[in-house]
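Have a look at the structure below before the remarks.
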Amino acid sequence: MEVPTLYTYYRSSCSWRIRTTLNWKEIGYETIPINLLEDEQKTLEYTSINPFQVVPALKIDGVALTQSIAILEYLEETRPEKPLLPKDPIKRALVRSLVQAIVGDAQPITNLRVRKYVEETRRDEWTNYWATFSFQRIEALLAATAGEYCVGDEVTFADICLIPQAYNAAHRFKVDMSNFPIIQRIYNKCLELNAFKMAHPHRQIDCPDEFKENK
Ligand SMILES: N[C@@H](CCC(=O)N[C@@H](CS)C(=O)NCC(=O)O)C(=O)O
């Protein structure tokens, strides 16, 4: 069978969701780095794969899929081993609710193209404000759902989406994570797992040497 190809950027939280899921489900894949800072997402070639000019995109089973959550759902449906959605419908809804909060409400307002649009001088302030705003609400949701992970004691899509968002908040958007003890605890817990560790930006082939980590 053809090996899936992931179009990715090492620091992209949306790409990280796919990397973790592929690792979690032990699906081998090839990486094609798309350097967002050099606008490689806007080349004609990549635009023909993803007209929204964002990563990720995944070529798999003869099609090119875009939209990270559509990709996660596809992987879950076609490779159900090591599920990332709980069986219980209520828990599934809780997972999807957290996923939507992260991917629909939190991530888009801190995305590169939005930050580029905001005047250079206001950019950091904008990003920190909205990242903190989102995390206050996600922390409140988690207070009702979290066990060891976001929803109960199993890894789900919610963890897959939360970890990249938390990394960006802590390391790039200067959010004071001490205000979010549940998120911080889940973050630390997930990063003990190989699937998350191997998907970390600092372990990707396109990560600049100064940040690279081989621990
Ligand atoms: N809804 C899309 C969002 C994709 C997205 O925003 N990707 C970001 C990286 S995490 C990107 O490529 N940004 C490029 C830009 O803003 O120009 C998904 O979930 O796949």
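Remember, it's 1-based here, ligands and their atoms both numbered in the order they're listed.
Ion pairing between a basic and an acidic side chain is recognised when a charged N comes within 4.0 Å of a carboxylate O; Asp153 and Lys189 show no such pairing. For the pair Lys25 and Glu76, the salt-bridge criterion is met [side-chain N within less than 4.0 Å of a carboxylate O]. Salt-bridge formation is not detected for the pair Arg172/Asp124: no Lys NZ or Arg NE/NH1/NH2 atom is positioned less than 4.0 Å from an Asp or Glu carboxylate oxygen. Using a 4.0 Å cut-off between charged nitrogen and carboxylate oxygen, Glu154 and Lys82 do not count as a salt-bridge pair.
For ligand 1, the atoms closer than 4.0 angstrom to any heavy atom of Pro56 are 20 (O). The distance from ligand 1 to the heavy atoms of Leu36 drops below 4.0 Å at these ligand atoms: 9 (C), 11 (C), 12 (O), 13 (N), 14 (C). Counting the atoms of ligand 1 from 1 in the order shown, those under 4.0 Å from a heavy atom of Ser13 are 10 (S). Within ligand 1, counting atoms from 1 as listed, the ones closer than 4.0 Å to a heavy atom of Leu112 are 15 (C), 16 (O).
Close to ligand 1: Arg17, with a non-hydrogen atom less than 4.0 angstrom away. Proximity of Lys42 to ligand 1 is not established, as no heavy-atom distance is less than 4.0 Å.
At least one test fails for Arg185 against the ring of Tyr187: distance under 6.0 Å to the centre or angle within 45° of the axis.
Taking atom 2 (C) of ligand 1 as the reference point, the nearest protein heavy-atom neighbour is Gln67 OE1, 3.1 Å. Here the heavy atom of the protein found nearest to atom 16 (O) of ligand 1 is Arg113 N, 2.9 Å. Ranking the protein heavy atoms by distance from atom 9 (C) of ligand 1 puts Ser12 OG, 3.5 Å first. For atom 3 (C) of ligand 1, the closest non-hydrogen atom of the protein is Cys14 SG, 3.9 Å. Of the protein's heavy atoms, Val55 O, 2.8 Å lies nearest to atom 7 (N) of ligand 1.
Heavy-atom proximity to atom 14 (C) of ligand 1, evaluated over Glu40, Gln41, Gln107, is greatest for Gln41.
Between the Glu26 side chain and the Leu22 main chain, no donor and acceptor come within less than 3.5 Å of each other. Between the side chain of Asn128 and the main chain of Lys174, a donor-acceptor pair closer than 3.5 Å is present. With Tyr9 contributing its side chain and Asp206 its backbone, the two residues share no donor-acceptor pair below 3.5 Å.
Between the side chains of Arg115 and Thr110, no donor-acceptor pair is found at a separation under 3.5 Å.
The shortest N or O to N or O distance between Asn111 and ligand 1 is below 3.5 Å. Residue-to-ligand polar distances place Ser68 within reach of ligand 1: an N/O pair is separated by less than 3.5 Å.
At a 4.0 Å heavy-atom cut-off, ligand 1 does not touch Lys116 at all.
For the side chain to side chain contact (heavy atoms under 4.5 Å, CB included) with Leu98, the lone residue among Thr156, Leu162, Val103, Thr145 that qualifies is Thr145.
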